[in-house]
Protein chains: 2
Amino acid sequence: MTNPAWDVLVATCPSRTSLAKIANKWTAMIVIALNDGPLRFGALRETVDGISGKVLTETLRDLERDGILTRTMYNEMPPRVEYELTALGQTLQGPLAALGRWAEEHIELVLRAREDYDQRPDRS
Amino acid sequence: MTNPAWDVLVATCPSRTSLAKIANKWTAMIVIALNDGPLRFGALRETVDGISGKVLTETLRDLERDGILTRTMYNEMPPRVEYELTALGQTLQGPLAALGRWAEEHIELVLRAREDYDQRPDRS
DNA sequence: CCGGATCCGATTCGATACTG
DNA sequence: CAGTATCGAATCGGATCCGG
């Protein structure tokens with residue numbers, strides 16, 4: 001099923017274009033946020049704290065194009081649009097959630113490493 | 001050990017700065033490339049196909065600062081510099097390798113999803 | 001010749017203002 | 001409410017140059 005010739009380390013390999021999109025902080029946070037079920041555009045913007053509307057729109061479109069999530073628009077007033085992970089997107093949830101957890105669980109060690117690094121006298 | 005208040009979805013949380021660095025294609029590829037042991041700068045540049053010297057240098061410095069890898073310089077001629085994952089970096093190897101594998105294993109589905117999306121008539 | 005610093009164009013980012 | 005448009009600012013990234 002999987003072509004063993006695919007290798008993200010090869011510049012021209014299509015799998016790298018996919019890695020480039022999923023190895024992105026906004027993608028990670030959006031997929032993490034959608035773990036508990038579909039969310040509206042506004043709810044996503046609140047949950048993924050600090051994201052701008054423009055970047056949220058762009059990232060959501062890219063993810064929809066790649067089959068990671070679906071966009072469902074309801075013809076209501078006021079308009080309502082919901083985003084939800086596809087089956088494919090749910091297979092991505094694990095790896096990205098693991099990344100998020102790693103960041104939360106190891107931030108203390110990272111902060112300590114930064115202090116050590118910044119206080120090194122040898123900045124030759 | 002882990003502060004439950006840390007949440008990568010909160011803009012001001014330090015863990016997000018860490019997530020922003022590890023959720024990056026170059027970081028992912030470098031950590032993946034270092035899985036089999038230390039590599040020299042030049043070997044890394046070949047292995048992570050397509051990366052420029054500048055970006056490689058910057059990313060390696062960031063990762064060194066965060067305690068993900070070590071940089072060892074040998075006073076030889078010609079110069080030799082080796083990069084190697086730390087114990088902390090090895091805990092990151094799993095999650096990032098999983099991301100790379102996801103990209104390779106699901107690229108076919110992603111490519112098909114892109115075709116479908118691009119052929120949709122309703123681009124209202 | 002290797003590691004990496006510099007320069008500078010290209011891309012991305014994000015705040016604001018506006019539309020259906 | 002859910003976007004789109006526009007436009008500086010910031011970041012990324014590649015070609016090129018430099019020190020040992």
Side-chain angles (χ1 to χ4, degrees), chain A residues 9 11-12 16-17 19-30 33-34 38-66 69-84 117 120 122-124, chain B residues 9-12 16-30 33-34 38-66 69-84 117 120 122-124:
Chain A
L9 292 178
T12 55
R16 179 185 283 199
T17 71
L19 177 65
K21 274 192 190 149
I22 63 179
N24 166 297
K25 62 175 174 176
W26 296 128
T27 296
M29 288 189 276
I30 288 171
L34 287 177
L39 286 178
R40 305 178 54 159
F41 185 89
L44 263 176
R45 189 167 43 193
E46 285 176 17
T47 305
V48 181
D49 183 35
I51 195 169
S52 71
K54 179 187 172 234
V55 172
L56 180 55
T57 299
E58 290 170 350
T59 308
L60 286 172
R61 272 214 212 306
D62 281 348
L63 294 178
E64 187 194 2
R65 190 169 103 97
D66 282 9
L69 51 80
T70 58
R71 175 180 184 274
T72 309
M73 195 174 82
Y74 301 90
N75 283 336
E76 300 174 356
M77 204 52 182
R80 183 169 123 248
V81 179
E82 286 195 339
Y83 295 90
E84 182 171 20
Y117 183 92
R120 281 195 211 169
D122 95 310
R123 200 61 47 82
S124 57
Chain B
L9 293 178
V10 175
T12 55
R16 179 185 284 199
T17 72
S18 183
L19 177 66
K21 275 193 190 150
I22 62 179
N24 167 295
K25 62 175 174 176
W26 297 127
T27 296
M29 288 188 276
I30 288 171
L34 287 176
L39 286 178
R40 304 181 52 163
F41 184 88
L44 263 176
R45 188 166 44 192
E46 285 176 17
T47 305
V48 180
D49 184 34
I51 195 170
S52 72
K54 181 199 172 210
V55 172
L56 180 55
T57 299
E58 289 172 350
T59 309
L60 287 171
R61 272 213 214 305
D62 281 348
L63 294 178
E64 187 194 2
R65 190 169 104 97
D66 281 10
L69 51 80
T70 58
R71 175 181 183 274
T72 309
M73 196 175 82
Y74 301 90
N75 283 337
E76 299 174 356
M77 203 52 181
R80 183 168 123 248
V81 179
E82 286 196 339
Y83 295 89
E84 183 171 19
Y117 183 92
R120 281 195 212 170
D122 96 308
R123 200 61 47 83
S124 57

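We name chains A, B, ... by the order of the sequence lines, and we start the count at 1 in each one.
- Side-chain atoms of B/M29 and B/I51, non-hydrogen and from C-beta on, never get closer than 4.5 Å to each other.
- Between the CZ atom of A/R80 and the C1' atom of D/dC1 there is a distance of 12 Å, given to the nearest Å.
- At a threshold of 4.0 angstrom between heavy atoms, the contacts of A/Y83 are confined to the sugar-phosphate backbone, with no base atom among them.
- Nearest heavy atoms, A/L39 versus A/A33: CD1-O, 3.6 Å.
- In this structure, CG of A/L56 is placed 17 Å from C1' of D/dA5, rounded to the nearest angstrom.
- The residue A/R45 sits apart from the nucleic acid: no heavy atom pair falls under 4.0 Å.
- When every heavy atom of A/R45 is checked against every heavy atom of A/G53, the shortest pair comes out as NH1-CA, 4.2 Å.
- Minimum heavy-atom separation, B/K21 to B/N24: O-CB, 3.3 Å.
- For B/L44 and C/dG3, the CG to P distance is 10 Å, given to the nearest whole Å.
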Derivation and outcome, side-chain contact (heavy atoms from CB on, under 4.5 Å), residues B/Y83 and B/L63: CA-CA 10 Å; B/Y83 295 89; B/L63 294 178; over 6 Å; no
Base versus backbone protein contacts along nucleotides 12-20 of chain D [heavy-atom cut-off under 4.0 Å; B, S, -]: -BB-----B
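- When the C1' atoms of four end pairs are superposed on the next four at each end of the helix from C/dC1-D/dG20 to C/dG20-D/dC1, using five pairs per end, the two resulting axes differ in direction by 30°, to 10°.
- The interatomic distance linking B/E82 (CD) with C/dG4 (P) rounds to 12 Å, in whole Å.
- With hydrogens and angles disregarded, a donor-acceptor distance shorter than 3.5 Å links the side chain of B/R16 to the backbone of B/L9.
- Nucleotide D/dC1 holds its P atom 17 Å from the CG atom of A/L60, rounded to whole Å.
- Within the 4.5 Å cutoff, the side chain of B/L56 has heavy atoms near those of the B/I30 side chain.
- The interatomic distance linking B/R71 (CZ) with C/dC2 (P) rounds to 16 Å, in whole Å.
- Not one side-chain nitrogen or oxygen of A/R40 sits closer than 4.0 Å to the OP1 or OP2 atom of D/dC1.
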side-chain contact (heavy atoms from CB on, under 4.5 Å) between A/L44 and A/L60, intermediate numbers included: CA-CA 10 Å; A/L44 263 176; A/L60 286 172; 3.9 Å; yes
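- For A/R61 and D/dA2, the shortest distance from a side-chain N or O to OP1 or OP2 is not below 4.0 Å.
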side-chain contact (heavy atoms from CB on, under 4.5 Å) assessment of B/R61 paired with B/T57: CA-CA 6 Å; B/R61 272 213 214 305; B/T57 299; 4.0 Å; yes
